[in-house]
Number of protein chains: 2
Amino acid sequence: MPPYDPSAFPPFAVTVDLVVLTVRRHALCTLVVRRGESPYQGRWALPGGFVRAEEDLGAAAARELVEETGLCAYDPASPPPVPSNGAHLEQLATYGAPDRDPRMRVVSVAHLALAPDLPAPRAGGDANSARWAPVEEILGKDEAAVAAAAEDGGPEALAFDHARILADGVERARSKIEYSSLATAFCPPEFTVGELRRVYEAVWGVSLDPRNFHRKVTGTPGFLVPAGGTTTRQGGRPAQLFRAGGATLLNPPMLRPEV
Amino acid sequence: MPPYDPSAFPPFAVTVDLVVLTVRRHALCTLVVRRGESPYQGRWALPGGFVRAEEDLGAAAARELVEETGLCAYDPASPPPVPSNGAHLEQLATYGAPDRDPRMRVVSVAHLALAPDLPAPRAGGDANSARWAPVEEILGKDEAAVAAAAEDGGPEALAFDHARILADGVERARSKIEYSSLATAFCPPEFTVGELRRVYEAVWGVSLDPRNFHRKVTGTPGFLVPAGGTTTRQGGRPAQLFRAGGATLLNPPMLRPEV
DNA sequence: CCAAAAGTGTTTAGCGTACACCCATGA
DNA sequence: TCATGGGTGTACGCTAAACACTTTTGG
């Protein structure tokens, strides 16, 4: 083990990058911002920024989330995901290849945020410098391969290693809604079983049987609690409204159909 | 978003810390090293060190693993976990609370390594400055609560926030062997079904039915491949030897019994 | 009345569990 | 012979999948 000499450490910059996912018009979308400066000037990138000197990593991610979306992050540990437009926020992974930023050594602690559908994004007031981009449009169908090859790829490719980060975030979201109640983070505070099912269908890119899905989610204790009212959103029998229940782990899990 | 000014970033040190897990004498154990310097002088800590200026995060973790154990890390992406005494290595999470190290701002990218049982550890040649400590002995029974309260706790508590990191690593290992073939990383290259079962029992702290376990692992295609020979290790009918197969995902997963 | 979405009931097949039973070795 | 661990067969119960069917709205 090398001697622990605090005065001789290599200089690093530490940033947080955000994979903010939402479901819009039956498609899984992510927030991207237009880069105003070199390198990768004019290209789309994940939102992010430097961690401040006295700031925790999670706090930096929450601050960036507010700055980019106005979304308030809630702590996954606190039982009730109370606020009306809160977003789930969790650490994703850390990316620190020596050459990932040509200017200097930057280590980025990526975070994953899941949000309900929102109005148009705001990025420092500049409207067309931020957008919700369909994940499929950025990563293509074969996500793993594209993400690996996308760096320095075509003009639609994300800056830096952000395609890889996005692919990892999407994969995390896809697997985590299997065995947790996280899919409710894509829904408004009150939602119907059909809306929740369309979240699963959009995130997984599959079709699910509405009848079996209904039985599954309403039959799992603590997953959903009735909110009282009913709604008619699109011609048909009105649906009951639910809120996310206290249960965070889904046992047995929701089964993702084979492709 | 704050302006992106590379010359004005706060100074960070970036380290890697290692949660190295193995199964020894039916108990899940982790590698800890004795700290020779302040702060936390004389206390046990997870092995780790600074990331070098031109070094990738995973490479730094692999280097530390070799320095501390002589273990060679294999890339989980490459299909055959070839080397005889290789260890599984993956990124765990990143810890960067502003006050986690009293001397300076340190962000630690923790990694998780799973290794087969080894001879006594070596730490720079100093024999009694490193040991395999039973996880239960460090974290106690109720791991989440203890890990949260352990910092600045009794003399047996790990330095810094390492109890939290260890608890997170153990939890990752416990959940990941459910749905992946990762448990074979705790076994030597050739092993019996009974040895693999004892790995599950030690990591989960439960008893599993030997007959159903045998059917489950031998019936999952690609999980185990027969290695040919048989062995008598402890009086009884000789057992077939197996190698880890190519399958990395276990579907359906191994079910962890309720406690 | 018809379309559309919500919700319920029923059947079937697969898998996990429990446990009886046989096999092969050392002492 | 017995003890010990390896391995197989079988019956039971639960759950997911498939799908027929009823309910409640809007047009």
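Below, read A as the first sequence line, B as the second, and so on, with proteins coming before strands; counting in each chain starts at 1. All figures in this text were calculated on a predicted structure; none of them were measured in a lab.
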Note: for A:P238 and A:N212 on DNA chain D, the residue whose nearest nucleotide lies more 5' is A:N212
Separation of C:dC19 atom C1' from B:L208 atom CG, nearest Å, is 16 Å
Record whether the side chain of A:R215 comes under 3.5 Å of the base of C:dG9 through a donor-acceptor pair of N or O atoms. yes
### Message
So does B:L208 get a backbone contact from the side chain of B:E201, meaning a donor-acceptor N/O pair under 3.5 Å?
### Response
yes
inquiry  = Applying a 4.0 Å non-hydrogen cut-off, can you work out what A:P210 is touching in the nucleic acid: base, sugar-phosphate, or nothing?
reply    = nothing
Rounded to whole Å, the CG-P distance (A:L241 to C:dA6) equals 12 Å
Rounded to whole Å, the CD-C1' distance (A:Q240 to C:dG7) equals 9 Å
note: A:K216, atom NZ; D:dT15, atom C1'; distance rounded to Å ~ 8 Å
| Side-chain N,O (B:H214) to OP1/OP2 (D:dG7) below 4.0 Å | yes
Rounded to the nearest 0.5 Å, the NE2 atom of B:H162 sits from the OG1 atom of B:T30 at a distance of 11.0 Å
*asked:* Checking side-chain polar atoms at under 3.5 Å, does A:D168 have a donor or acceptor matched by the opposite partner on A:Y95?
replied: yes
In whole angstroms, the gap separating P of C:dA6 from CZ of A:R237 amounts to 10 Å
B:R197 CZ to D:dG6 C1', in whole Å, measures 9 Å
Here the distance between atom P of D:dG7 and atom CG of B:D209, to the nearest Å, is 14 Å
Between CZ of A:R211 and C1' of C:dT11 the distance, given in whole Å, is 14 Å
Here the salt bridge (Lys or Arg N to Asp or Glu O under 4.0 Å) pairs for residues 235-245 of chain A, sequence neighbours left out, are A:E190-A:R243
A:L255 has its side chain closest, among C:dC15, D:dA17, C:dG7, to D:dA17
